[in-house]
Amino acid sequence: PAAIYSYFPSKDDIFLALAEEGFRMLFDSYECGLKEHAHSSPLDCLRSAFLNVYKFSRDHQEYYALMFLDRSVPRISKDWQRFAFVHEMRTQITGLIQQAIDAGDFAPGTNAEMVFRVLMVSIQGASAMRLCERLVPGEDADALARVTLDAALTGLRTGFDHSYHPSKFCI
């Protein structure tokens, strides 16, 4: 076990390397999903992108927990340069959101970053409930993720409080 420290100077470096690997896997699956939905509406692409996060949490539970849930892992924002590709993925998704805004799927003037945060929180909530085994017996986690995402999209499309303005550098 001590031999691993000849490759990584610290436990934090191990966690960051694993998180980076996980984000690369998530990014690759996101790009494959975009290719599958190349001729879909921006709203359908958004739905697919966020369901992809849920599917990643289901198919790669350990990575997802490390990347999004484990509080002992150092904050990725402290080593942001290493994760520039994550920023690129987020920029692509907020670009899709802006396309949906421009297409009239959301109200004019909607903040794309706010939409991103709300959709991410909704899908991560469903993911965390499944991972932490907080579902009621017999509850379908996949259906919960879809319904939660659709409810968030419906709410965002019909109107919301515009006073919330997230930082664009949050993960």
Side-chain angles (χ1 to χ4, degrees), residues 16 19-20 22-58 63-71 73-132 141-171:
L16 287 171
E20 181 178 4
F23 276 114
R24 288 195 187 282
M25 292 166 58
L26 178 58
F27 186 74
D28 289 345
S29 65
Y30 161 74
E31 290 204 324
C32 287
L34 274 184
K35 289 175 186 170
E36 289 176 19
H37 291 88
H39 302 292
S40 300
S41 71
L43 198 59
D44 287 340
C45 287
L46 277 176
R47 184 177 285 108
S48 172
F50 284 94
L51 283 174
N52 183 61
V53 173
Y54 170 76
K55 289 173 187 170
F56 181 85
S57 80
R58 186 189 62 207
Y63 279 107
Y64 184 86
L66 179 87
M67 294 157 55
F68 295 106
L69 300 176
D70 190 338
R71 295 179 65 200
V73 175
R75 286 188 50 101
I76 291 165
S77 59
K78 291 180 181 176
D79 196 5
W80 192 244
Q81 295 80 7
R82 181 178 189 159
F83 293 92
F85 66 96
V86 175
H87 181 68
E88 177 188 330
M89 181 173 61
R90 184 185 180 127
T91 299
Q92 288 178 7
I93 295 172
T94 54
L96 276 174
I97 294 168
Q98 190 58 55
Q99 288 176 21
I101 293 166
D102 295 343
D105 291 323
F106 298 103
T110 296
N111 181 313
E113 284 291 329
M114 187 275 311
V115 171
F116 176 88
R117 292 298 289 167
V118 168
L119 295 177
M120 190 58 118
V121 166
S122 70
I123 208 64
Q124 285 188 341
S127 298
M129 289 197 56
R130 187 188 52 73
L131 279 171
C132 297
D142 294 356
L144 177 63
R146 285 189 306 276
V147 167
T148 301
L149 182 59
D150 284 342
L153 282 166
T154 299
L156 289 166
R157 294 180 74 198
T158 60
F160 53 88
D161 178 2
H162 288 272
S163 65
Y164 175 71
H165 296 284
S167 166
K168 62 169 95 174
F169 297 107
C170 296
I171 287 187

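Worth saying up front: this structure is predicted, and the values here are computed from it rather than measured. Side-chain atoms are counted along with the backbone in the values below, which use heavy atoms only and exclude waters and symmetry mates.
- No side-chain donor-acceptor contact under 3.5 Å links Ser48 to the backbone of Asp44.
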Kindly list each side-chain donor-acceptor pair under 3.5 angstrom involving residues 25-33, sequence neighbours excluded, with atom names and distances?
from	atom 1	to	atom 2	distance (Å)
Ser29	OG	Met25	O	3.4
Ser29	OG	Leu26	O	2.8
Ser29	OG	Asn52	OD1	3.4
Ser29	OG	Asn52	ND2	3.1

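- Ring pair Phe68/Phe23 is perpendicular by interplanar angle, where above 60° counts as perpendicular and below 30° as parallel.
- Closest heavy-atom contact between Ile97 and Phe106: O-CD1, 4.4 Å.
- Heavy atoms only, all atoms of each residue included: Gly22 and Phe56 are closest at O-CZ, 3.5 Å.
- Electrostatic pairing of Arg47 and Asp150 counts as a salt bridge here, judged by a charged N lying under 4.0 Å from a carboxylate O.
- Considering only heavy atoms from C-beta on, Leu51 comes within 4.5 Å of Leu149 through its side chain.
- Separation of atoms CD (Glu20) and CZ (Phe85) is listed at 5.0 Å; rounding is to 0.5 Å.
- Nearest heavy atoms, Leu131 versus Ser57: CD2-O, 4.0 Å.
- Every residue was checked against the ring-ring contact (aromatic ring centres under 6.0 Å, His included) condition with Tyr54, not counting sequence neighbours, and none meets it.
- Rounded to the nearest 0.5 angstrom, Leu96 CG and Thr91 OG1 are separated by 11.5 Å.
- Here the CD1 atom belonging to Ile93 is positioned 6.5 Å from the CE atom belonging to Met120, to the nearest 0.5 angstrom.
- Side chain of Thr148 to backbone of Ala145: no donor-acceptor contact under 3.5 angstrom is found.
- When all heavy atoms of Thr94 and Ala112 are compared, the closest pair comes out as O-CB, 3.9 Å.
- Atom CZ of Arg117 is separated from atom CE of Met114 by 12.0 Å, given to the nearest 0.5 angstrom.
- For the atom pair CG of Asp102 and CD of Gln99, the computed distance is 7.5 Å after rounding to the nearest 0.5 Å.
- Closest heavy-atom contact between Phe50 and Ile123: O-CG1, 3.2 Å.
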Discussion item. Show, in sequence, the C-alpha distance, side-chain angles and deciding distance for Arg130 and Leu144, and conclude whether the side chain to side chain contact (heavy atoms under 4.5 Å, CB included) test is met.
Written reply: CA-CA 9 Å; Arg130 187 188 52 73; Leu144 177 63; over 6 Å; no
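- For the atom pair CG of Leu153 and CG of Leu119, the computed distance is 5.0 Å after rounding to the nearest 0.5 Å.
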